[in-house]
Amino acid sequence: MKPRYLYPQDYMADPSANVFNGKLYIYPSHDWDSGAAFDDDGGHFQMKDYHVFSLDDVENGEVTDHGMMLRLEDIPWADRQLWDNDVVEKDGKYYLIYCAKDKTQTFHLGVAIADKPEGPFIPQPDPIRGSYSIDPCAFKDDDGKIYVYFGGIWGGQLQRYKGNKALGVEHLPEGDEPALSPRVARMADDMLQFDEAPREILIVDEDGEPLKADNPYRFFEASWMHKYKGRYYFSYSTGDTHFICYAVGDNPYGPFTYQGVILDPVVGWTSHHSIVEFKGKWYLFHHDCVPSDGKTWLRSMKVMELEYDENDKIVRMESK
Ligand code: FUB
């Protein structure tokens, strides 16, 4: 298929695509021109609401905007920057897991609940206990267990933590120090809290060595998990080197062995994606800044077909 911009009417980024009740739903961040200056901490991303979109046919179908599903001002604990989110279904209810800064300007993850994939989503009064950093991906495994992957460095604040403890200072590894690791935690049955302390995810090379901080393919942000032929494909953005890469493992906690690049750099600083199977084909949802003439804070959602080769490796793509 030809790459397709999904919603030229407005700027939407970080698209999390999920299939519910036979329909494809997209949960993006909603970019706008807040006037905030560009900085290395993403201060130019001042998003204040979320919309939800659906479609029946990825290649040619109409994209329906179901409107605003949650607003910043309705979240008691959140102060600003509604960044990436994802939605998962459990027992007929839909759980939006999102990230925002609290009044102390610290990122946490929150939960909001709806009866339908379109929302509206009703936010919990407090963030998930023990949550930090950004970019949640909510993954439901075949046994019904739900895992939340998260983390992002620089503006995403992961460098403020060691394990799950706030350091009080920032430590960004350099050179041949191991790169910072994304986190994963299984959700409790009621979907309101983590059921366990978040664990670090190891992304290792073919010798089993964790990727180093100076490796251009190390983790930065934008965790996504999907399963293909029974194996766990963990994909992510490399941030300042602008790739979408992936690593494969045999269980939801890893370790995941680095496999390669999925998407070469797009126009715009950030690259952020999701991968989903719909009606027998696989798709890479992502964004770029071509329609805004390269303005990094005004991104447009896009989709391309994704293919695997005969060894179950994802075929590398260029942004077109
Ligand atoms: O949309 C704001 C931030 O930009 C996301 O949380 C990151 O993944 C990057 O896409």
Side-chain angles (χ1 to χ4, degrees), residues 6-7 10-17 26-34 36-53 70 72 78-87 96-102 105-110 127 131-138 148-160 180 182-183 218-225 234-246 262-263 265-275 284-292 294-302 319:
L6 289 159
Y7 199 67
D10 202 351
Y11 295 110
M12 302 279 161
D14 311 327
S16 296
I26 309 169
Y27 300 91
S29 314
H30 185 187
D31 283 355
W32 68 294
D33 207 343
S34 69
F38 180 96
D39 65 39
D40 280 346
D41 283 337
H44 43 290
F45 295 129
Q46 293 292 338
M47 294 81 109
K48 49 191 171 56
D49 59 48
Y50 291 127
H51 282 231
V52 54
F53 297 84
L70 181 64
L72 182 64
D79 189 50
R80 62 189 182 116
Q81 292 182 305
L82 278 184
W83 286 11
D84 174 47
N85 75 78
D86 193 15
V87 170
L96 170 78
I97 317 284
Y98 62 96
C99 57
K101 276 184 182 160
D102 70 8
Q105 305 310 310
T106 306
F107 270 113
H108 294 285
L109 310 186
S131 70
Y132 52 93
S133 200
I134 59 164
D135 285 4
C137 161
V148 171
Y149 296 83
F150 63 96
I153 64 179
W154 293 21
Q157 304 180 343
L158 193 60
Q159 69 279 5
R160 296 186 181 181
L180 285 177
R183 309 292 203 263
R218 57 84 173 95
F219 172 82
F220 189 102
E221 62 187 3
S223 297
W224 188 257
M225 173 58 75
F234 177 75
S235 49
Y236 56 93
S237 165
T238 64
D240 57 342
T241 54
H242 313 290
F243 297 103
I244 299 291
C245 293
Y246 77 111
I262 298 175
L263 182 65
V266 300
V267 171
W269 200 95
T270 66
S271 197
H272 190 128
H273 70 297
S274 61
I275 295 170
L284 177 78
F285 288 80
H286 57 293
H287 64 228
D288 72 26
C289 300
V290 172
S292 71
K295 292 191 187 73
T296 273
W297 58 95
L298 295 177
R299 300 164 291 179
S300 296
M301 330 189 248
K302 249 176 127 171
S319 173

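Note that the structure is a prediction, hence the values are computed from the model and not measured. Ligands are counted one by one from 1 in listed order, and the atoms in each one are counted from 1 as well.
- Put simply, the residue from His273, His287, Glu221, His286 that forms a side-chain contact (heavy atoms from CB on, under 4.5 Å) with Asp14 is His287.
- In terms of protein heavy-atom proximity, atom 6 (O) of ligand 1 is nearest to Asp135 OD1, 2.5 Å.
- Here is the list of ligand 1 atoms found below 4.0 Å of a heavy atom in Asp84: 6 (O).
- Summary of contacts: the protein heavy atom closest to atom 1 (O) of ligand 1 is Asp14 OD2, 2.5 Å.
- Among Val87, Asp84, Ile26, Ile97, the single residue meeting the side-chain contact (heavy atoms from CB on, under 4.5 Å) criterion with Ser16 is Asp84.
- Without hydrogens or angle criteria, Asp41 side chain to Gly43 main chain gives no donor-acceptor distance under 3.5 Å.
- Of all the listed residues (His287, His273, Met47, Glu221), Glu221 holds the heavy atom that lies closest to atom 7 (C) of ligand 1.
- For Asp31, no nitrogen or oxygen atom sits less than 3.5 Å from a nitrogen or oxygen atom of ligand 1, counting backbone and side chain alike.
- Partners of Asp240 by salt bridge (charged side-chain N to carboxylate O under 4.0 Å, His left out), not counting sequence neighbours, listed by chain and number: Arg218.
- The two atoms that bring Ser133 and Gln157 nearest to each other are OG-C, 4.4 Å, heavy atoms only.
- In Arg299, the part holding a heavy atom less than 4.0 Å from any atom of ligand 1 is the side chain.
- Asp86 pairs by the salt bridge (charged side-chain N to carboxylate O under 4.0 Å, His left out) definition with nothing, not counting sequence neighbours.
- For atom 3 (C) of ligand 1, the nearest protein heavy atom (residue, atom name, distance) is Trp83 CE3, 3.8 Å.
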